[in-house]
Amino acid sequence: MTRYLITGGAGFIGSHLTDALIARGDAVRVLDDLSTGRRENLPAGAELVVGDVADPAAVRAAMDGMDGCFHLAAIASVARASSDWLGTNRANLVGAITVFDAARAARTPVVYASSAAVYGDCPIQPIVETAPTRPRSAYGADKLACELHAAVATGVHGVPTVGLRFFNVFGPRQDAASPYSGVISIFAGRLRRGEPVDVFGDGAQTRDFVYVADVVAALVAAMTRLPDGSPVFNVCTGSPTSVRDLAHHIAALCGQAATLRSRPPRDGDIRHSVGAPAAARAALGLAPPLALPDGLTRVLDWLATTR
Ligand SMILES: NC(=O)c1ccc[n+]([C@@H]2O[C@H](COP(=O)([O-])OP(=O)(O)OC[C@H]3O[C@@H](n4cnc5c(N)ncnc54)[C@H](O)[C@@H]3O)[C@@H](O)[C@H]2O)c1
């Protein structure tokens, strides 16, 4: 039986990965401080260790005997990284280095979550992995630094690593407060009640919404294939969706007409963020992603069971 450690496994993406690995018969140990993750997200059979990913002893103990580590634990919030720069740095960068350091003993492979935030406001769309990285937040800067340390883990210490730059991941169990795709839960909640939705600026800003099952497939493929050289790949669809179009899609699925309420643009809002998926598809052998309306339907079905 293959044994995996998933840091942040009680969170949104991590719990879907835990489900998938347990379903195929792997053993899963989750290390999570439950700051945003929830015990109830975990399936029966997953082992939960409540602990801090920046605590070297806790991570060493959790890594012991594992065949691979998926490192997803982070404070996944640009706003938190701005208000608590040092605290988020500890979780987001020191946590990653702690994982890479613990992986040195047995050269345990590590597949870790990076982010489209490493690109900042990129003038080239869709964004290829070789585009300049100019993060505009402490969160993005820490994710970029994770990638640099991953290259050290591989190049100096022989730890296989693969980084995945997730774009806007969405799916069931996502917190409406998520800066990535929480907008989907917020829009869905309001549109189902026939209420107007707030759109910041002109609503023409675009995002690349990728369904959580496709992200899980990329994580699993990265661990299975472990391409050489500490590569990083976009995990995205390549399809731009404007915030306005998103509202209209959700409204249509709810059988409503969307009423959009214009709000002033938000400071620092990135105009366009759409990834190029070709490199990941080729290197990891990924199937085409789920179409946005199909993913949205699954979120709406889930929301209907939770409210
Ligand atoms: N959701 C997205 O669209 C998105 C996009 C880009 C990158 N990411 C990255 O993907 C990963 C997972 O994000 P998510 O959306 O599932 O967020 P999430 O908040 O649901 O999951 C993060 C998990 O990490 C745990 N955690 C936080 N600090 C910790 C610490 N110090 N020690 C141990 N556990 C800790 C939390 O309790 C939570 O369970 C993160 O690294 C995030 O930065 C997410």
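Counting starts at 1 for both ligands and their atoms, in listed order.
Using a 4.5 Å heavy-atom cutoff, the side chains of S114 and V232 are not in contact.
Close contacts between ligand 1 and A113 involve ligand atoms 9 (C), 10 (O), 11 (C), 41 (O) [criterion: under 4.0 Å to a heavy atom]. Taking every non-hydrogen atom of A10 and a distance limit under 4.0 Å, the qualifying atoms of ligand 1 come out as 39 (O). For ligand 1, the atoms closer than 4.0 angstrom to any heavy atom of G11 are 20 (O), 21 (O), 38 (C), 39 (O). Annotation for ligand 1: atoms under 4.0 Å from non-hydrogen atoms of S114 are 6 (C), 7 (C). Ligand 1 places these atoms under 4.0 Å from at least one heavy atom of G51: 32 (N), 33 (C). Ligand 1 places these atoms under 4.0 Å from at least one heavy atom of A76: 17 (O), 42 (C), 43 (O). Those atoms of ligand 1 that come under 4.0 Å of a heavy atom in L72, given as number and element, are 11 (C), 12 (C), 40 (C), 41 (O).
Residue-environment remark: CZ (R39) stays at or below the threshold of 12 foreign heavy atoms within 6.0 Å. Within 6.0 Å of CG in D294 there are more than 12 heavy atoms belonging to other residues, nucleotides or ligands. Counted within 6.0 Å of CZ on R80, heavy atoms from surrounding residues, nucleotides or ligands total 12 or fewer; the atom is thus considered open. Atom CZ of R136 is surrounded by more than 12 heavy atoms from other residues, nucleotides or ligands within 6.0 Å.
Ranked by closest heavy atom to atom 28 (N) of ligand 1, the top entry among I13, D33, L164 is D33. In this structure, of A91, A74, A73, S15, the residue bringing a heavy atom nearest to atom 27 (C) of ligand 1 is A74. The nearest non-hydrogen atom to atom 42 (C) of ligand 1, considering only Y112, F166, F167, Y139, comes from Y139. Summarising the contacts of atom 15 (O) of ligand 1 with F12, F170, F209, F70, the nearest heavy atom is found in F12.
Taking the charged nitrogens against the carboxylate oxygens, R298 and D301 have no contact shorter than 4.0 Å, which rules out a salt bridge. Checked for salt-bridge contact, D269 and R207 meet the test: a charged N lies under 4.0 Å from a carboxylate O. One finds no salt bridge joining D84 and R90 here, because no Lys/Arg side-chain nitrogen approaches an Asp/Glu carboxylate oxygen to under 4.0 Å.
Under a 4.0 angstrom heavy-atom cut-off, S35 registers as being in contact with ligand 1.
With a heavy-atom cut-off of 4.0 Å, L34 touches ligand 1 through its backbone alone. With a 4.0 Å cut-off on non-hydrogen atoms, K143 touches ligand 1 through its side chain and not its backbone. Neither the backbone nor the side chain of A54 comes within 4.0 Å of ligand 1, counting heavy atoms alone.
Considering backbone and side-chain atoms alike, V169 places an N or O below 3.5 Å from some N or O of ligand 1. On a distance-only criterion, G37 and ligand 1 share at least one N/O pair closer than 3.5 Å. Residue L31 has no nitrogen or oxygen atom sitting less than 3.5 Å from a nitrogen or oxygen atom of ligand 1, judged on distance alone.
Between the CZ atom in R3 and the CE atom in M63 there is a gap of 13.0 Å [rounded to 0.5 Å].
Proximity of the aromatic rings of F70 and Y112 is defined here by a centroid distance below 6.0 angstrom, and this criterion is not met.
Considering R263, R244, R266 as possible partners of D198, the one that fulfils the salt bridge (Lys or Arg N to Asp or Glu O under 4.0 Å) test is R263.
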